[in-house]
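Below: one structure, written as structure tokens.
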Amino acid sequence: MDQSVETLELLGALLYAVGWLCSLCTTMMPFWLTLSTDLLPTESLEVGLWKSCVVQDLGLQECRPYNSLLGLPPDIKLARILMCAALGFGLVGLVLAIMGLNLINSCCRQMDELSLKKVLKAAGGMLSLAAGILVLVPVSYIAHLTVVRFFDKSVPDVVSRWEFGDSLFCGWTAGVLHLLAGTLLLISSLYLQEQNQNLPVHIPLVPVSQRQRSIRIRTEYI
């Protein structure tokens with residue numbers, strides 16, 4: 001097995017795991033949007049997918065979950081659905097990618113094992129790309145809405161405006177890591193396919209019985 005293929009797949013699996021953890025933190029952290037007012041400069045309002053928090057400069061934090069699902073804004077609902085889907089796709093793809101690593105041995109024959117690992121890594125890479133897109137869509141969409149509302153001329157300047165929270169940057173990082181991990185896994189599976197084509201094919205030798213040998217000798221005499 002080529003050392004470069006093992007390096008690519010290990011790096012892809014590592015980036016995959018880190019990206020999935022970043023996606024989990026992005027989904028759970030209540031820091032998607034932040035709002036600070038001049039009336040209360042020592043406090044800031046943080047909004048997430050599941051709850052909103054009031055954070056003070058002294059480190060105190062008070063959070064309350066959302067009371068009603070139907071009362072949520074459409075962008076928060078969309079972000080919830082897509083982020084949960086990204087976590088599900090990412091977890092399944094991570095398991096498949098780990099099972100497709102060449103360091104994980106199996107009881108199959110060499111050709112069957114390499115073919116199976118190629119399929120598992122390719123499936124894990126495709127799910128990683130899908131998870132990256134599912135993470136980037138809600139994060140970028142909420143960031144776009146925040147920018148549009150921030151520069152809205154119809155809102156007076158004295159009104160405080162929402163700004164980017166830490167979860168958005170964590171989500172962008174998770175999406176990029178998922179895309180990089182999926183690309184590395186797909187490249188390693190393509191290299192593995194080329195190596196499968198170059199492997200010699202084992203042809204089993206069937207012993208010739210005494211009866212077949214005698215029949216062959218008689219045919220030669222005739």
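Each residue takes its place number in the sequence, starting with 1. The model shown is predicted, which means the values in this text are computed figures rather than measured ones.
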side-chain contact (heavy atoms from CB on, under 4.5 Å) assessment of V139 paired with F169: CA-CA 8 Å; V139 173; F169 299 100; over 6 Å; no
Spatial distance of atom [atom1] ([X]) from atom [atom2] ([Y]) [nearest 0.5 Å]:
X   : Y    : atom1 : atom2 : answer
S52 : L45  : OG    : CG    : 6.0 Å
L87 : L94  : CG    : CG    : 12.0 Å
C25 : L21  : SG    : CG    : 6.5 Å
E43 : L60  : CD    : CG    : 9.5 Å
D75 : L33  : CG    : CG    : 8.0 Å
L49 : I142 : CG    : CD1   : 6.0 Å

Using only atom types and a distance under 3.5 Å, with no angle test, would you say the side chain of [X] pairs donor to acceptor with the backbone of [Y]?
X    : Y    : result
Y16  : G90  : yes
E46  : V54  : no
S128 : A181 : no
S189 : L186 : yes
W50  : T27  : yes
K121 : M99  : no

Any side-chain heavy-atom pair of C170 and T173 under 4.5 Å: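 In short, these two side chains do not touch, never coming nearer than 4.5 Å.
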Sole candidate of E9, E6, K117 that passes side-chain hydrogen bond (donor to acceptor under 3.5 Å, both in side chains) when paired with N102: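 Exactly one pass, corresponding to E9.
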Minimum heavy-atom separation for [X] and [Y], please, with both atom names.
X    : Y    : answer
P138 : M83  : CG-SD, 3.9 Å
L136 : G171 : CD2-O, 4.3 Å
P65  : K51  : CA-CB, 3.6 Å
S160 : L35  : CB-CD1, 3.5 Å
V55  : Q61  : CG2-CG, 4.0 Å

[Y] reachable from [X] in the ILVMFWY side-chain graph, under 4.5 Å edges:
X    : Y    : value
Y66  : L69  : yes
V18  : M29  : no
I81  : V47  : no
L78  : L145 : yes
F151 : L168 : yes

Side-chain donor-acceptor contact under 3.5 Å, W32 with T26: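 Distance-only check fails for W32 and T26.
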Derivation and outcome, side-chain hydrogen bond (donor to acceptor under 3.5 Å, both in side chains), residues S140 and W172: CA-CA 8 Å; S140 301; W172 280 320; 3.3 Å; yes
Trace of the side-chain hydrogen bond (donor to acceptor under 3.5 Å, both in side chains) decision for T34 with E163: CA-CA 5 Å; T34 181; E163 297 182 3; over 6 Å; no
Disulfide (SG to SG under 2.5 Å) against C22, all qualifying residues, sequence neighbours excluded: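 Expected list: none.
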Other residues, nucleotides, ligands: >12 heavy atoms within 6.0 Å of Y141 OH: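 No - once you tally the heavy atoms of other residues, nucleotides and ligands closer than 6.0 Å, there are 12 at most.
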Over 12 non-hydrogen atoms of neighbours within 6.0 angstrom of CG in D152: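 It does: D152 CG has more than 12 such atoms within range.
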side-chain contact (heavy atoms from CB on, under 4.5 Å) partner of I187, the single match among T183, L185, L190: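 Per the side-chain contact (heavy atoms from CB on, under 4.5 Å) rule, the option paired with I187 is T183, out of T183, L185, L190.
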